[in-house]
**Student:** 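Quick one: structure below, then a few questions.
Each residue takes its place number in the sequence, starting with 1. Given the structure is predicted, the values throughout are model-derived calculations rather than measurements. Quick note: numbers below take in every heavy atom, side chains included, and nothing from hydrogens, waters or symmetry partners.
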Amino acid sequence: MKNSYPIVLTPEEKGFTVYIPDFDINTEGDDMTEAIEMARDAIGLMGIDMEDDGKVLPNPRTLKSVSAAEGAIVSLVDVDFAEYRRKNEMKAVKKNCTLPSWLCYEAEKANINFSQALQAALKRELHITDQ
């Protein structure tokens with residue numbers, strides 16, 4: 001699921017502090033680009049943690065509903081939670097599968113890596129491309 005969440009960028013002596021009201025979290029960056037990247041990362045991490053806990057992601061507020069101190073910048077950050085999970089959650093899980101013995105024999109004889117072959121087949125079946 002992809003969505004755009006408002007953020008509040010507050011200039012500091014060095015860089016920006018970022019407040020993300022929909023998740024009630026803060027982050028920071030040395031410049032505006034890094035601050036926006038850190039906001040996207042914080043939203044992505046918080047979002048997949050919420051999904052893993054069975055919680056519903058908050059609906060984004062409108063820009064007009066976000067209040068900010070003088071000099072702060074209110075902007076939007078887009079986050080694709082499925083893409084964030086794919087790129088950042090790399091823990092391996094073990095799965096058992098069953099296949100005909102003749103196919104197992106041929107694959108072993110050809111030094112096929114079963115894990116890589118299964119991953120490639122699943123990505124193909126799910127229409128997932130590596131970026």
Side-chain angles (χ1 to χ4, degrees):
M1 179 177 90
K2 189 172 187 176
N3 227 326
S4 297
Y5 288 92
I7 62 170
V8 179
L9 296 135
T10 304
E12 303 292 344
E13 269 187 47
K14 184 178 187 308
F16 291 85
T17 297
V18 184
Y19 176 61
I20 306 157
D22 291 313
F23 292 88
D24 195 28
I25 55 175
N26 293 291
T27 187
E28 62 185 1
D30 290 338
D31 56 35
M32 186 169 298
T33 301
E34 184 179 270
I36 292 169
E37 288 172 357
M38 295 299 288
R40 183 174 290 113
D41 190 49
I43 294 168
L45 182 59
M46 189 72 140
I48 64 169
D49 279 349
M50 289 176 72
E51 287 175 343
D52 289 349
D53 291 341
K55 297 177 183 172
V56 176
L57 295 174
N59 289 321
R61 299 171 196 217
T62 64
L63 283 177
K64 290 179 183 178
S65 71
V66 177
S67 59
E70 177 135 359
I73 302 162
V74 179
S75 186
L76 290 171
V77 171
D78 65 323
V79 178
D80 184 332
F81 292 100
E83 179 182 335
Y84 185 86
R85 183 179 295 277
R86 245 189 340 267
K87 288 183 176 179
N88 294 286
E89 190 174 80
M90 302 308 260
K91 76 176 180 184
V93 293
K94 187 171 184 158
K95 291 291 182 187
N96 292 330
C97 65
T98 305
L99 57 144
S101 62
W102 66 266
L103 185 58
C104 181
Y105 172 78
E106 292 296 328
E108 287 174 345
K109 190 167 78 174
N111 289 321
I112 300 290
N113 180 312
F114 285 84
S115 292
Q116 287 178 346
L118 179 57
Q119 287 178 49
L122 287 170
K123 287 177 183 178
R124 194 172 44 253
E125 192 70 23
L126 296 168
H127 309 288
I128 296 172
T129 57
D130 289 331
Q131 293 152 321

**Student:** Going only through I, L, V, M, F, W and Y residues with side-chain contacts under 4.5 Å, is there a path from Ile36 to Val79?
**Tutor:** yes

**Student:** Under a single-linkage definition using a 4.5 Å side-chain heavy-atom cutoff for Ile, Leu, Val, Met, Phe, Trp and Tyr, are Leu99 and Leu118 assigned to the same hydrophobic cluster?
**Tutor:** no

**Student:** Considering only heavy atoms from C-beta outward, does the side chain of Thr129 approach that of Lys123 to under 4.5 Å?
**Tutor:** no

**Student:** Please give me the minimum heavy-atom distance between Arg61 and Pro21, naming the atom from each residue.
**Tutor:** NH2-O, 3.2 Å

**Student:** Can you tell if the side chain of Glu12 reaches within under 4.5 Å of the side chain of Glu28, non-hydrogen atoms only?
**Tutor:** no

**Student:** Show the nearest heavy-atom pair for residues Ala35 and Phe16, with the distance to one decimal.
**Tutor:** CB-CB, 3.9 Å

**Student:** By the definition side-chain contact (heavy atoms from CB on, under 4.5 Å), identify the one residue from Val8, Asn26, Ile43 that meets it with Ile20.
**Tutor:** Ile43

**Student:** Mind checking whether Leu45 and Asn88 have side chains closer than 4.5 Å, heavy atoms only?
**Tutor:** no

**Student:** When clusters are formed by joining ILVMFWY residues with side-chain heavy atoms under 4.5 Å apart, either directly or through shared neighbours, do Ile7 and Ile25 land in the same one?
**Tutor:** yes

**Student:** Group every Ile, Leu, Val, Met, Phe, Trp and Tyr by side-chain heavy-atom contacts under 4.5 Å, then state whether Leu126 and Met1 land in the same group.
**Tutor:** no

**Student:** Just checking, any donor-acceptor pair under 3.5 angstrom between side chains of Tyr5 and Asp78?
**Tutor:** no

**Student:** Nearest 0.5 Å, please: how far is CZ in Phe81 from CE in Met46?
**Tutor:** 10.5 Å

**Student:** When you look at Asp80 and Lys87, which way does the side chain to side chain contact (heavy atoms under 4.5 Å, CB included) test go after all the steps?
**Tutor:** CA-CA 11 Å; Asp80 184 332; Lys87 288 183 176 179; over 6 Å; no

**Student:** Of all the heavy-atom pairs spanning Pro60 and Asp22, show the shortest one and how long it is.
**Tutor:** CA-OD2, 3.5 Å

**Student:** Please indicate whether Glu34 has more than 12 foreign heavy atoms, meaning atoms of other residues, nucleotides or ligands, lying under 6.0 Å from its CD.
**Tutor:** yes

**Student:** Treating Ile, Leu, Val, Met, Phe, Trp and Tyr as nodes and any side-chain heavy-atom pair under 4.5 angstrom as an edge, say whether Met32 and Val18 lie in one connected cluster.
**Tutor:** yes

**Student:** Salt bridge check, Arg86 against Glu83: does any charged N sit closer than 4.0 Å to a carboxylate O?
**Tutor:** no

**Student:** Going from CD on Glu106 to OG on Ser101, what distance comes out if it is rounded to the nearest 0.5 angstrom?
**Tutor:** 10.5 Å

